[in-house]
Amino acid sequence: MSWTLVAAVLLSTAGLLVLGLLAGRLWLDVRVLAREVDTASRALAEAAGELAAAGRVR
């Protein structure tokens, strides 16, 4: 087997492993961001409810 073919297969495998690791990290970052957006939107909804309730009191 030619050494260029072996090198091409090894480089392709290494590239796929790197892309897989980056995809895994991106997935984790997206999960964290989604959790933060959920928390912020719930806080905004609660604040809007409190503001609406305060407007009804007056």
Side-chain angles (χ1 to χ4, degrees):
M1 190 180 296
S2 175
W3 67 270
T4 55
L5 182 60
V6 172
V9 169
L10 288 175
L11 285 174
S12 298
T13 303
L16 288 174
L17 287 173
V18 168
L19 286 175
L21 289 174
L22 290 174
R25 174 159 180 167
L26 178 65
W27 180 71
L28 290 174
D29 287 345
V30 167
R31 281 185 48 192
V32 169
L33 180 62
R35 195 173 306 127
E36 290 175 0
V37 167
D38 180 56
T39 302
S41 64
R42 288 178 192 267
L44 282 172
E46 183 181 341
E50 290 174 3
L51 185 60
R56 282 187 231 124
V57 171
R58 291 182 182 181

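Quick caveat, the model's predicted, so the values are computed rather than measured.
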Quiz item: Pairs in or reaching into residues 3-22: which pass salt bridge (charged side-chain N to carboxylate O under 4.0 Å, His left out), with residues at least two apart or in two chains?
Solution: none
Distance-only check: which donor-acceptor pairs under 3.5 Å involve side-chain atoms of residues 37-55, not counting sequence neighbours?
{"from": "D38", "atom 1": "OD1", "to": "R42", "atom 2": "NE", "distance (Å)": "3.2"}
{"from": "D38", "atom 1": "OD2", "to": "R42", "atom 2": "NE", "distance (Å)": "3.0"}
{"from": "T39", "atom 1": "OG1", "to": "R35", "atom 2": "O", "distance (Å)": "3.0"}
{"from": "S41", "atom 1": "OG", "to": "V37", "atom 2": "O", "distance (Å)": "3.2"}
{"from": "S41", "atom 1": "OG", "to": "D38", "atom 2": "O", "distance (Å)": "2.9"}

Using a 3.5 Å cut-off and no angle test, enumerate the donor-acceptor pairs between side-chain atoms of residues 16-27 and protein atoms at least two apart in sequence or in another chain.
none

For a quick test of your reading: what N or O donor-acceptor pairs under 3.5 Å do the side chains of residues 3-15 make, sequence neighbours left out?
{"from": "T4", "atom 1": "OG1", "to": "S2", "atom 2": "OG", "distance (Å)": "2.9"}
{"from": "S12", "atom 1": "OG", "to": "A8", "atom 2": "O", "distance (Å)": "2.8"}
{"from": "T13", "atom 1": "OG1", "to": "V9", "atom 2": "O", "distance (Å)": "2.8"}

